[in-house]
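Here is the structure we will look at.
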Amino acid sequence: MHRWAWLLLVLACGSGADKQFVELSNAGVAALRRDDPVAARQAFREAIKLKPDDAEANYYLGTLDLRDGKSDDAVNRLAVAARAEPPWP
């Protein structure tokens, strides 16, 4: 997702939990970009606590699980991501 799209999403969010979710998701993606899987995992886990069925957060956490050899966890996370409705049309 483009940076400006995340900004619009933050501005459009109504509740504090929604804003916190977006901040955590952004922190997870930023951690992945700087090759910090520990920080990314922590951010995505916290984001999923707020929105357990979010497709993107589950996808990213599932790929981290796969990368770490946690295949059962990866399959479960990626299944949630596949079932979730994406936030775009």
**Fill in**
All heavy atoms of A47 vs all of S25, minimum pair found to be CB-OG, 3.9 Å
**Message:** Please list all pairs meeting salt bridge (charged side-chain N to carboxylate O under 4.0 Å, His left out) that have one or both residues in residues 68-77, counting only residues at least two apart or in different chains.
**Reply:** R41-D68
**Message:** Between F44 and V29, is the side chain to side chain contact (heavy atoms under 4.5 Å, CB included) condition met? List the steps.
**Reply:** CA-CA 9 Å; F44 289 125; V29 170; 4.1 Å; yes
**Message:** Tell me the closest heavy-atom pair linking L32 and L64, and the distance in Å.
**Reply:** CD2-CD2, 3.7 Å
**Request:** Mind checking the CD-NZ spacing from Q20 to K49? Nearest 0.5 Å is all I need.
**Result:** 10.5 Å
**Asked** Can you name the side chain to side chain donor-acceptor pair (under 3.5 Å) partners of R67, sequence neighbours left out?
**Response** D35
**Asked** Between A55 and A81, which heavy-atom pair has the shortest distance, and what is it?
**Response** O-CB, 3.3 Å
**Request:** To the nearest 0.5 angstrom, please state how far the OG1 atom of T63 sits from the CG atom of L78.
**Result:** 7.0 Å
**hydrophobic_cluster_shared for V80 and Y60, side chain cutoff 4.5 Å** = no
**Single-linkage hydrophobic cluster I48~Y59, side-chain heavy atoms < 4.5 angstrom** = yes
**Item:** Nearest heavy-atom neighbours spanning D54 and A84
**Value:** C-CB, 4.4 Å
**Prompt:** If every non-hydrogen atom of A74 is compared with every non-hydrogen atom of G62, which pair is closest and at what distance?
**Reply:** CB-O, 3.4 Å
**Asked** Do L24 and V22 share a hydrophobic cluster, counting only Ile, Leu, Val, Met, Phe, Trp and Tyr and linking them when any side-chain heavy atoms are less than 4.5 Å apart?
**Response** yes
